[in-house]
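Protein chains get the first letters and strands the later ones, always in sequence-line order, with residue 1 at the start of each.
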Amino acid sequence: MSGADLTQLDTVLEADVGIVGAGPGGMAAAARLAAAGVRVVVLDEGQRAGGQIYRQLPVGMHNHGVVQEPPSHDDGHNLIQSFEGHAKDGGEIELVRGATVWDAQPGRLWFEHDGVSRLLRCGHIVLAPGAYDRCIPFPGWTLPGVVTAGALQVMVRGFGVVPGKRALVVGSGPLLLPTVTSLLGAGVEVVAALEASSRMRALRAVPAVAFHAARRREAMWYMKQLWRNSVKLQWGWTVFACEGDGRVERAIIGKVDAHGRPRKGTERTIECDVVGAGFGLVPSIEVGMRLGADTHMLPVRGGHCLVVDGEQRTAVATVFAVGETCGIGGAEVASAEGELAAAAILRELRGTTVASAVVSRARAERRAADSMLGAFAPLPGLHDLARPDTIVCRCEDITRLRAQEAAAMHGDSMRAIKIGCRAGMGPCQARICGPSLQAMATGVNACAMDVPVVQVPLKPVSSETILTAPQ
Amino acid sequence: MTETADIVVIGGGIIGSSVVYQLAQLLDPSTRIVLCDRGPIAGATSSSCMGHLMVTPGNAQEYALTKTSVDLWRGLHEQLGGFDYNPTGALYLAESEEDIEMVPVLHQQFLDQGDQAEILDQKQLRDLEPGLAHDIPGALFYAGDGVVLPMLAAGAMLRGAQQRNPNVVVRPNCAVTGFQRDGDRIAAVVTEKSVIQTNTVVNACGVWTPGIGEMLGQPRVPIYPRAGNLAITGHHVSPIRTQLLEISYLRFAHAASDVDPTQTDRDAGGHAVNMQPQTNGGCLIGSTRQFRGMSKQVNRELLKRSLLRAHRYVPGVAQAPIIRSWVGLRPYSIDNHPLIGPWDPVPGFWIAAGHEGLGISMAPITGLLIAQQIAGITPSIDPTPYLPGRFAL
Ligand SMILES: Cc1cc2nc3c(=O)[nH]c(=O)nc-3n(C[C@H](O)[C@H](O)[C@H](O)COP(=O)(O)OP(=O)(O)OC[C@H]3O[C@@H](n4cnc5c(N)ncnc54)[C@H](O)[C@@H]3O)c2cc1C
Ligand SMILES: Cc1cc2nc3c(=O)[nH]c(=O)nc-3n(C[C@H](O)[C@H](O)[C@H](O)COP(=O)(O)OP(=O)(O)OC[C@H]3O[C@@H](n4cnc5c(N)ncnc54)[C@H](O)[C@@H]3O)c2cc1C
């Protein structure tokens with residue numbers, strides 16, 4: 001074989017189905033397709049399969065303390081096992097770890113892998129790229145020691161890092177609980193867990209949990225963990241500010257009203273060296289948008305989401321989307337939708353039928369998630385936490401005041417704010433600040449946010465990668 | 001809603017913003033000036049470009065225009081600030097034989113205008129710009145150029161205008177949709193949000209300029225979109241300190257094109273690398289030229305070619321993360337000169353547009369020439385070559 005052929009082999013992969021993301025959505029789709037003998041290549045930025053929730057330690061690393069896992073993680077382990085079973089040498093699944101997808105066309109996914117520019121050619125594409133943490137800026141949120149729930153998950157579960165001794169967990173929604181248990185599992189004392197939603201508002205989630213056996217079991221398990229470790233969940237409270245010399249040493253916490261606005265006079269100071277802030281998630285939609293999928297705004301599901309039909313198909317016939325990219329819903333939704341997408345693809349490739357149970361399970365999971373998450377939709381008043389001099393865009397060091405001035409002069413759209421002060425133009429391309437920026441700069445609820453504009457590269461890659469991209 | 005204004009400026013790019021700023025300086029602060037843009041202020045070409053403030057010495061007329069304008073930028077920086085003004089100078093690089101021959105020619109052109117520039121040897125070159133490759137055969141440094149961040153500059157000029165004249169109104173997201181006439185003259189500008197009675201209108205709509213004239217029943221002025229691809233690196237990775245460009249840029253960018261701009265499927269496009277350090281330590285890499293209508297799709301092949309050239313001159317940039325690429329549409333005028341001045345067939349209708357790849361550099365002088373002519377003051381430089389009347393037949 002000549003050298004040229006070798007490089008071709010190296011840089012270009014072929015598969016029947018290409019999958020972006022090895023979280024529950026991508027793994028479920030891959031495992032089902034592989035079981036039917038379809039050749040699948042899965043691309044994921046991480047080093048192990050699992051995605052956000054079932055994040056695994058790198059091979060050979062072990063956890064400090066005892067990792068405490070909720071009952072749903074049994075499903076997760078089963079899924080990972082079945083996935084990894086097919087991903088062994090000679091199996092139908094090839095998992096490419098540390099692969100960043102930076103451009104896409106129907107049938108083509110370009111990715112950077114170990115500094116090499118590679119291309120996956122495939123018939124169908126399943127998108128399961130998950131979500132980003134929603135950041136709510138407050139004074140001191142950029143201090144070292146203040147991290148998002150997702151980043152904590154990566155540190156604790158992905159790298160076995162113990163982030164500190166005394167942690168405060170703040171935010172809103174079901175993610176608070178796993179954040180608390182992850183920290184406890186790493187041997188960190190959790191001094192308080194603050195849920196910004198009021199107990200009244202959260203009660204709306206009860207039916208969705210109570211009538212869903214798995215969720216009920218899950219909730220009970222978390223409550224028991226909290227109780228056993230004497231961690232009290234405080235409803236209607238949040239962090240007002242973090243302070244410290246060079247890193248977080250204490251937090252000012254207080255009560256918020258029904259809209260999430262801080263209530264004066266309720267402040268208390270609490271000593272801590274880690275603050276985990278999880279104000280929900282925002283769907284990651286850029287790969288789908290680049291491929292030509294439509295989007296719609298669904299506040300309950302975290303913002304702009306990809307539009308799919310009853311079988312997870314996007315506006316592009318060969319492109320399917322599952323899990324958080326279609327709206328925040330949790331791991332059960334992601335895996336159910338992954339299976340559904342796989343079944344729909346199998347009908348095309350193998351002529352098999354899509355079992356109605358697969359369809360109804362995906363629908364039911366999604367419905368249950370929507371009604372549960374309705375109780376934790378982003379509270380607009382939380383945007384009042386940031387003061388005029390609070391940084392709102394970390395990449396470009398832009399304060400809230402500058403963003404407001406930009407909106408006043410250039411216009412109240414997300415693009416206008418960006419243009420007027422550079423907020424959101426940095427490496428994160430507004431993935432972090434975007435969802436809050438427009439709301440803070442204009443006083444409009446976060447949910448009025450403009451559809452983001454996607455440009456290549458979808459994630460930062462070296463110019464060498466762009467230059468040497470195979471065709 | 002109906003309102004009145006002394007002057008309406010249409011288009012809030014760098015040109016419209018500069019026109020408003022200069023009008024506010026020269027006219028009485030009671031003058032009501034309304035700026036309308038259909039999108040964000042500086043949301044079109046003026047935020048999809050680079051910010052090289054470039055002096056071109058090709059002939060006395062061009063030099064007068066660009067030099068005066070770049071000097072005005074320095075003044076704006078001193079008065080207003082806040083737009084990352086950086087007097088980097090410009091480093092012209094040459095590799096091919098044809099390009100190397102251009103180095104002494106360009107040098108002489110600067111001298112002929114009574115200005116100065118330096119031909120650099122390898123050592124001088126490396127002292128000036130350590131990130132450069134060690135085998136660049138030709139280089140010329142001109143100290144008079146600089147860099148700005150255009151969209152912040154537009155905002156700064158408008159804030160400056162409002163400080164001097166509280167009757168300056170800025171309206172983003174307010175498209176102009178038509179006009180009302182009173183015989184020959186304009187009676188009002190119709191926008192999405194109101195009808196503005198006025199007799200004086202400045203059309204500063206960049207590549208959309210011809211369409212505004214059409215609303216007045218005028219023939220389309222010959223301004224065509226000429227696409228340029230750009231890419232930007234992450235922060236703190238820029239291996240350069242000066243504005244760098246291939247000397248062939250002059251040949252290829254600042255001559256009237258021999259491609260018919262209306263044949264949008266015929267132009268294979270061209271490129272000459274242009275690299276610009278940003279205040280945050282990023283590096284902007286351009287730039288390409290192609291006539292292909294209003295499409296803003298990145299042409300990956302052309303972009304790749306300019307990245308390749310960038311690697312050739314600045315090897316360190318190969319590993320820098322690229323965070324984004326995009327396309328901007330240069331307003332190319334068919335004779336490669338901007339249109340600045342009155343449109344005689346419609347009294348009170350002015351045009352300030354068609355600056356192709358030098359609109360940022362030329363914004364201050366463009367605003368000043370329009371404001372001086374509207375105010376009846378003798379213009380700072382001879383406006384004749386730029387009068388739009390050359391296209392009013
Ligand atoms: C801290 C935290 C705790 C959570 N706890 C729970 C919980 O207890 N219960 C629950 O139901 N849900 C929980 N979730 C939500 C859960 O993570 C998601 O519901 C679930 O993981 C969604 O699955 P997914 O397949 O859509 O995406 P993910 O699991 O997020 O997987 C997406 C994968 O795609 C990869 N990826 C994304 N973009 C690219 C790209 N361009 N190139 C290559 N790879 C890419 C990512 O690296 C990631 O591995 C939690 C989330 C977080 C952040
Ligand atoms: C890739 C690239 C690199 C460049 N690099 C440089 C450089 O380094 N140095 C330099 O000097 N120049 C450079 N330029 C050129 C410069 O960007 C342009 O010449 C300049 O921005 C044009 O400004 P403008 O105000 O005429 O147009 P624009 O910025 O496009 O402004 C026109 C405005 O009119 C508005 N408009 C349109 N229709 C209507 C309507 N009906 N009603 C209301 N408003 C309307 C638009 O929304 C727009 O905001 C570059 C250009 C490109 C594309």
Is the shortest heavy-atom distance from the side chain of [X] to the side chain of [Y] under 4.5 Å?
X        : Y        : answer
A/Glu396 : B/His235 : yes
B/Ile41  : A/Ile419 : no
A/Pro427 : B/Pro321 : no
A/Asp397 : B/Asn280 : no
A/Leu467 : B/Arg305 : no
B/Leu149 : A/Arg422 : yes

* Asked: So which part of A/Glu112 gets closer than 4.5 Å to some heavy atom of chain B, the side chain, the backbone, both or neither?
  ->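 For A/Glu112, neither part sits under 4.5 Å from chain B.
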* Asked: Given a strict heavy-atom distance threshold of 4.5 Å, which part of A/Val454 is in contact with chain B: side chain, backbone, both, or neither?
  ->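 Neither; nothing under 4.5 Å.
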How many angstroms lie between atom [atom1] of [X] and atom [atom2] of [Y], to the nearest 0.5 angstrom?
X        : Y        : atom1 : atom2 : value
A/Asp103 : B/Arg300 : CG    : CZ    : 4.5 Å
A/Gln455 : B/Leu230 : CD    : CG    : 10.5 Å
B/Leu307 : A/Ile466 : CG    : CD1   : 6.0 Å
A/Thr465 : B/Ile322 : OG1   : CD1   : 9.5 Å
A/Met409 : B/Arg159 : CE    : CZ    : 5.0 Å

* To do: For residues A/His410 and B/Met151, report the shortest heavy-atom separation together with the two atoms involved.
  =>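 What the structure gives for the nearest pair is CE1-O, 3.5 Å.
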* Nearest heavy-atom neighbours spanning A/Ser462 and B/Ala318 ->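 The answer is CB-O, 3.6 Å.
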* Is the backbone N or O of B/Val317 less than 3.5 Å from a side-chain atom of A/Ser463, with the two atoms forming a donor-acceptor pair by type? -> yes
* To do: Indicate yes or no for a side-chain donor-acceptor contact from A/Arg415 to the backbone of B/Gly43 under 3.5 Å, with no hydrogens or angles considered.
  => yes
* To do: Find the one option among B/Ile323, B/Asp37, B/Leu303 whose heavy-atom pairs under 4.5 Å with chain A are most numerous.
  =>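 Ranked by contacts with chain A, first place is B/Ile323.
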* Max heavy-atom pair count under 4.5 Å with chain A, selected residue of B/Gln319, B/His311, B/Lys304, B/Arg324 -> B/Arg324
* What option among A/Cys428, A/Ala469, A/Cys395, A/Ser413 has the most heavy-atom pairs under 4.5 Å with chain B? -> A/Cys395
* Contact origin within B/Ser47 toward chain A - heavy atom pairs under 4.5 Å -> side chain
